[in-house]
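Notes to accompany the following structure.
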There are 2 protein chains.
Amino acid sequence: MTAEARPASPPLTERQEARRRRILHASAQLAGRGGFEAVQMREVAEEAGVALGTLYRYFPSKIHLLVATMQDQLQHMHTTLHKRPPAGQDPAQRVADTLMRAFRALQREPHLADAMVRALTFADRSVSPEVDTVSRITTAIILDAMGLEHPTPEQLSAVRVIEHTWHSALITWLSGRASIAQVKIDIDTVCRLIDVTKPSDTA
Amino acid sequence: MTAEARPASPPLTERQEARRRRILHASAQLAGRGGFEAVQMREVAEEAGVALGTLYRYFPSKIHLLVATMQDQLQHMHTTLHKRPPAGQDPAQRVADTLMRAFRALQREPHLADAMVRALTFADRSVSPEVDTVSRITTAIILDAMGLEHPTPEQLSAVRVIEHTWHSALITWLSGRASIAQVKIDIDTVCRLIDVTKPSDTA
DNA sequence: ATCCAGTCTGAAACTTGTTCTAGATTAGCG
DNA sequence: CGCTAATCTAGAACAAGTTTCAGACTGGAT
């Protein structure tokens with residue numbers, strides 16, 4: 001059921017798969033220190049033991065690379081969450097818990113978070129498919145936390161709003177304009193929409 | 001009551017004020033065709049009839065320039081809104097109306113919107129004060145629409161969530177991942193938080 | 001084993017944001 | 001008016017993302 005990232009186009013050989021991993025690893029590594037600006041394509045190439053041209057063949061831009069990095073990290077988080085699902089009673093609680101857990105994970109690597117989130121929101125149309133994949137994984141994580149199989153259109157809208165808030169709140173935190181506490185409050189606030197859009201509640 | 005933008009540091013002379021305006025005008029002009037990438041510092045300088053170094057003295061980076069451009073445009077919108085306030089009955093309605101009006105204005109200049117919004121969300125810490133100014137104006141616009149003088153902390157959180165949604169929804173629209181209709185739905189959805197956080201309602 | 005097409009490498013070149021410098025201009029002041 | 005400090009200009013120079021290219025390498029088909 002998990003949205004798989006690999007575009008089936010040309011099935012990569014083992015060496016190619018390894019190269020791809022090395023590149024993503026180097027990207028995350030460099031992002032981990034220094035954030036967005038520290039991910040310099042020449043350095044990524046060198047650290048991954050790959051020519052610059054090759055790096056660009058695998059990821060056609062720095063933004064593509066960082067969005068792919070985020071895809072990768074999100075996938076990890078998704079499987080981790082499957083192992084230890086959130087424990088709250090009601091759906092809103094569980095979603096808020098899940099997002100706060102993710103938030104704490106990001107706080108441990110603020111530079112990496114910076115690089116990934118900035119890339120994600122800066123991405124233009126040429127990166128839409130990749131950004132969409134990230135969005136689908138995020139949506140899946142939230143729906144999992146809600147415990148919903150067949151959300152109504154209304155609920156989907158609420159989930160989108162939660163995602164919007166999530167991304168934008170991260171940005172304000174990363175740029176030092178909001179405190180951790182404020183992010184928490186805003187997440188709790190937006191999660192109220194989950195109660196408001198319960199199907200029985202259709203005003 | 002309106003948040004004024006000009007940092008009082010050195011009061012600009014008339015010629016300087018004129019230069020600043022020419023620069024902002026050139027920026028908006030170039031952004032209007034081509035969007036973010038079309039705003040090239042050398043071109044802005046040339047179009048504004050100013051040396052590159054001078055441009056950088058007025059706006060220390062492309063991001064600063066575009067955020068200032070957004071400030072400028074927002075200010076216009078804010079005064080326009082003062083002349084014709086939204087007409088809805090309840091606060092949520094009025095906020096949604098206001099945002100949709102702003103959205104329609106942006107639709108008329110999608111490239112300009114692209115440049116401004118991308119700059120805004122991409123801005124790093126060095127631009128925090130300027131981004132904060134934009135945020136304050138936006139907050140003021142929303143609170144005006146709500147008709148609130150003294151919002152509770154809860155309501156302020158709701159306003160922040162609305163702002164988050166607004167920015168992020170714009171981004172998804174600009175990058176072609178969401179339709180205009182979807183943006184409208186999500187704005188309506190998030191505006192429900194205004195009802196949910198009415199002081200009488202504090203669960 | 002050989003050959004072909006596709007891939008990878010290394011290095012240079014190009015683009016655009018940003019910085020720097022030396023000299024011209026301007027603004028304010030005695 | 002004449003001086004001085006700040007500002008502005010033109011243009012070179014630098015940094016990092018991106019493109020390009022010639023040649024070496026690899027993997028698969030015959």
Side-chain angles (χ1 to χ4, degrees), chain A residues 7 9-24 26-27 30-31 33-69 114-116 118-119 122-127 130, chain B residues 7 9-24 26-27 30-31 33-69 114-116 118-119 122-127 130:
Chain A
S9 337
L12 301 183
T13 73
E14 201 160 325
R15 295 170 58 100
Q16 289 176 319
E17 189 56 43
R19 264 190 213 106
R20 198 188 129 87
R21 302 254 105 250
R22 284 206 307 280
I23 293 173
L24 286 175
S27 166
L30 288 171
R33 357 198 230 289
F36 186 87
E37 349 188 301
V39 181
Q40 303 197 351
M41 298 304 267
R42 285 172 241 259
E43 285 205 40
V44 172
E46 182 172 6
E47 185 118 348
V50 127
L52 190 54
T54 306
L55 171 52
Y56 273 95
R57 171 186 285 275
Y58 281 73
F59 301 97
S61 79
K62 175 170 173 173
I63 301 290
H64 281 84
L65 171 58
L66 284 172
V67 170
T69 304
D114 173 76
M116 296 190 307
R118 297 256 298 284
F122 188 64
D124 67 2
R125 302 181 101 90
S126 71
V127 204
E130 288 80 3
Chain B
S9 336
L12 300 183
T13 74
E14 202 160 324
R15 294 172 59 106
Q16 288 176 321
E17 190 56 43
R19 266 190 212 107
R20 187 173 192 283
R21 300 255 107 250
R22 284 206 308 279
I23 293 173
L24 285 175
S27 166
L30 288 171
R33 358 198 229 288
F36 186 87
E37 348 189 300
V39 180
Q40 303 197 351
M41 298 306 266
R42 284 173 242 259
E43 286 206 38
V44 173
E46 182 171 8
E47 184 118 349
V50 127
L52 190 54
T54 305
L55 171 52
Y56 273 96
R57 170 186 284 273
Y58 281 73
F59 302 96
S61 78
K62 174 170 174 174
I63 301 290
H64 281 84
L65 170 58
L66 285 172
V67 171
T69 304
D114 172 77
M116 297 189 308
R118 297 255 299 284
F122 188 63
D124 67 2
R125 302 180 102 88
S126 72
V127 203
E130 288 79 4

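It should be emphasised that the depicted structure is a prediction, and the values quoted were computed from it without experimental measurement. In what follows, chains carry the letters A, B, and so on, assigned in the order in which the sequence lines appear, proteins first and then strands, with residues in each chain numbered from 1. All values below were derived from every heavy atom in this structure, side-chain atoms included, with hydrogens, water molecules and symmetry-related copies excluded.
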Restricting to ring-ring contact (aromatic ring centres under 6.0 Å, His included), what partner residues turn up for A:Tyr56, sequence neighbours left out?
none
A:Gln16 side chain N/O closer than 4.0 Å to the phosphate oxygens (OP1, OP2) of C:dC8?
yes
When the distance from NE2 of B:His64 to P of C:dG17 is rounded to whole Å, what number comes out?
16 Å
B:Glu43 CD - C:dT18 C1' separation (whole Å)
17 Å
Applying ring-ring contact (aromatic ring centres under 6.0 Å, His included) to A:Phe122 and not counting sequence neighbours gives B:Phe36, B:Phe122
Phosphate-side-chain proximity, A:Tyr58 and C:dC8, N/O vs OP1/OP2 below 4.0 Å:
yes
Sequence neighbours excluded, the answer for side-chain contact (heavy atoms from CB on, under 4.5 Å) partners of B:Glu43 is B:Leu30, B:Gln40
Using a 4.0 Å heavy-atom cut-off to protein, can you give one letter per nucleotide of nucleotides 13-30 of chain D, 5' to 3': B if the base is in contact, S if only the sugar-phosphate is, - if neither?
B--BBBB-------S---
If I take atom CZ in residue B:Phe122 and atom P in nucleotide C:dG17, what distance separates them, rounded to the nearest angstrom?
12 Å
Integer-rounded Å distance: C:dG10 P and A:Glu46 CD:
10 Å
Between C:dT9 atom C1' and A:Arg19 atom CZ, what is the distance in whole Å?
10 Å
How long is the line joining CZ of A:Arg57 and P of C:dA5, in whole Å?
16 Å
Taking C-beta and beyond as the side chain, do A:Leu65 and A:Met41 meet within less than 4.5 Å on heavy atoms?
yes
All side-chain hydrogen bond (donor to acceptor under 3.5 Å, both in side chains) counterparts of A:Thr54, not counting sequence neighbours:
none
When all nucleic acid strands are considered with a 4.0 Å heavy-atom cut-off, which category describes A:Phe59: base, sugar-phosphate, or nothing?
nothing
Just to verify, what does A:Arg22 make a side-chain contact (heavy atoms from CB on, under 4.5 Å) with, not counting sequence neighbours?
A:Ala18, A:Arg19, A:Ala48, A:Val50
